[in-house]
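Beneath this line is the structure, given in structure tokens, with notes to follow.
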Amino acid sequence: MIYETEDELLFKAREAHGKTFREIDQYSRLNNTRATGALGQIVEESFFEYKVNSNAEADFSNLGIELKVTPFKQNNNKSLSAKERLVLNIINYMTEAEKSFYESSFWKKNQKLLLMFYEWKKEVDRGDYKIIETILFKYPEEDLAVIKSDWTLIQAKIQAGLAHELSEGDTLYLGACTKGANKNSLREQPFSDEHAMQRAYSLKQSYMTALVRQYISKEKLVHFSSLEELQEKSIEQLLNERFEPFIGMTMEEMALRLNIQINPRNRSAVPNLISALLGVKGTKLDQIAEFAKANIQFKTVRVQQNGRPKESMSFKNIDFEEIVREQWEDSYIRNYFVETQILFVVFQFDEQGVLRFKNIKLWHMPMQTIERELYEYWAEVRKVLDEGVILTKTKKGVENNFPKSDFNGVAHVRPKGADGNDKVQLPDGQSITKQCYWLNASYIGRIVSDIEE
DNA sequence: GCATGATCATGC
DNA sequence: GCATGATCATGC
């Protein structure tokens, strides 16, 4: 069956809404394969009735439209999120290096996507997942500007003979995610003898979540930058430009200049300053389009006169049941740092002890640090859990044998509870004050100082 | 002066 | 009621 127009195709696609994969599946794919791509294949061969292929051309080639069947999920707080990144075509390092963006394999195959969303539910058999919504997706111009710059960055690494150093954190919306059975899925690259991990273009999970919320939850996101700006400059440059005029000011002075009311002691003071300063006063930061799509999370840093923060930085409390069960590759802490861009908003105490805005830094943890120090840290926590957590009463409180800040210079474990009764149970049954993932103050100091890493 | 255990305070 | 950003307090 050939679909002559986009409307015709969309009309057909919408007939799948409310159907489960079991209802659609004519060739018993559900029973015969456990492969992750099976759900997409069921839609291809049983619903649209064309042969599953891996052509460089888009699936509906006469229309230039690529079919993607992709999951979303409901969170505990009822909001919706994409369940995973959207994996596109594999990058052929040998041929992609010479192409322009519009000649690239990414653009050829994925410029128009028929996105069919199904709802993933824990504890539900995959045959019972239902297709909920379909959109014919064409990148908005604002997003395309960022995607082009992401693509250019990926290509620049290939051209520099550094395909083996590509990582998802390098880019904002379009990623180069690993794709292959294991670490041995390697490919050659044109400007280096080193083999590189096989990777595919992908739309990041945060980008897909923004689409889910826009099209299914009908949420509105607000851009802080204009199309013209995004076509000329990177998001990082634009952020630097927006913050630059406020360097040296106290929070009160910033608020006065921005004509907003804040209480510097309130937790909302810094996010309120950020949204006002970006020209989207009153918008929650997770409703800013660029932040949502690139998963930019802000963190405030207060440094002393010597440029070093007095305090370390805490993240999520450690879920001990989770950490003993998980694999490194899909561990909470690895995913967090692979997928999160952190916007450090740095304030510094001056000679009078007055806190003044110093600078910002858009940062993601380098892949080498994730795979070395962060991995060692994670492995050490598990080792302690496995070999035995030793709790010792001291004058200062209850000491434990989790990694301390001298472990490897990057991260440590430290308590974080609401009060003396805020405890959890360890896998071995002992009760312990809730513990948290912390990045060392000295490590944060190195990141936010001007010294290159 | 730093490291580390403890816990406050706010916002959802 | 809980999660989390923030910071205190004390011993070495």
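Each chain gets a letter, A, B and so on, in the order its sequence line appears, and its residues count up from 1.
- Using a 4.0 Å heavy-atom distance criterion, A:Thr394 is classed as making no nucleic acid contact.
- Side-chain contact of A:Asn295 with A:Gln297: a donor-acceptor pair under 3.5 Å is present, judged by distance alone.
- Heavy-atom nearest nucleotides on DNA chain C were determined for A:Arg414 and for A:Ala418, and the one closer to the 5' end corresponds to A:Ala418.
- Atom CG of A:Leu186 is separated from atom CD of A:Glu194 by 9.5 Å, given to the nearest 0.5 angstrom.
- Per the geometry, OH belonging to A:Tyr443 stands 20 Å off P belonging to B:dC2, to the nearest Å.
- For the pair A:Phe315 CZ and C:dG5 C1', the interatomic distance rounds to 11 Å; values are reported in whole Å.
- Taking 3.5 Å as the limit, the base of B:dT10 and the side chain of A:Arg265 contain no donor-acceptor pair of atoms between them.
- A salt bridge links A:Lys233 and A:Glu241; the closest N-O separation between the charged side-chain nitrogens and carboxylate oxygens is under 4.0 Å.
- Per the geometry, CG belonging to A:Leu285 stands 14 Å off C1' belonging to C:dG5, to the nearest Å.
- Remark: A:Arg308 is in phosphate contact with B:dA3, judged by side-chain N or O atoms under 4.0 Å from OP1 or OP2.
- For the pair A:Lys416 and B:dA6, the criterion of a side-chain N or O lying under 4.0 Å from OP1 or OP2 is not met.
- Picking from C:dC8, C:dA6, C:dA3 the nucleotide with the shortest atom distance to the side chain of A:Lys310 gives C:dC8.
- OP1 and OP2 of C:dA6 both lie 4.0 Å or more from every side-chain N or O belonging to A:Arg267.
- Following rounding to the nearest Å, A:Glu311 (CD) and B:dT7 (C1') show an atom-to-atom distance of 12 Å.
- Taking atom CG on A:Asn421 and atom P on C:dG1, their separation rounds to 13 Å, with Å as the unit.
- At a threshold of 4.0 Å, the pair A:Glu229-A:Arg242 counts as salt-bridged, since one of the basic side-chain nitrogens sits closer than that to a carboxylate oxygen.
- For A:Asn266 and B:dG11, the shortest distance from a side-chain N or O to OP1 or OP2 is below 4.0 Å.
- The nearest whole Å value for the distance from the CD1 atom in A:Ile432 to the C1' atom in B:dA6 is 13 Å.
- Nearest to the side-chain atoms of A:Lys396 among the listed nucleotides C:dA9, B:dA6, B:dC8 stands C:dA9.
- DNA chain C is contacted by both A:Asp422 and A:Ser312; A:Asp422 maps to the nucleotide lying nearer its 5′ end (nearest heavy atom per residue).
- The distance from atom NZ of A:Lys434 to atom C1' of C:dA6 is 17 Å, rounded to the nearest whole Å.
- Of the candidates C:dG5, C:dC12, B:dG5, the closest approach to any side-chain atom of A:Lys395 belongs to C:dC12.
- Summarising the geometry, the separation between NZ on A:Lys316 and P on C:dG5 is reported as 12 Å, rounded to the nearest angstrom.
- For the pair A:Lys284 and A:Glu399, both in contact range of DNA chain B, the more 5′-proximal nearest nucleotide belongs to A:Glu399.
- Rounding to the nearest 0.5 Å gives a distance of 4.5 Å between CD of A:Glu168 and OG of A:Ser202.
- Closest approach to the A:Ser268 side chain among B:dG5, B:dG11, C:dT4 is made by B:dG11 (side chain taken as heavy atoms from C-beta onward).
- A:Glu311 and A:Trp438 are not linked by any side-chain donor-acceptor pair at a separation below 3.5 angstrom, with hydrogens and angles left out of the test.
- At least one side-chain nitrogen or oxygen of A:Ser405 sits closer than 4.0 Å to the OP1 or OP2 atom of B:dT4.
- Between C:dA6 and A:Thr300, a contact under 4.0 Å exists linking OP1 or OP2 to a side-chain N or O.
- Residue-level contact check: A:Lys404 touches the backbone only, with heavy atoms under 4.0 Å from sugar-phosphate atoms and none from bases.
- Of the candidates C:dA6, B:dG5, C:dC8, C:dA6 carries the atom nearest the A:Ser314 side chain, counting heavy atoms from C-beta on.
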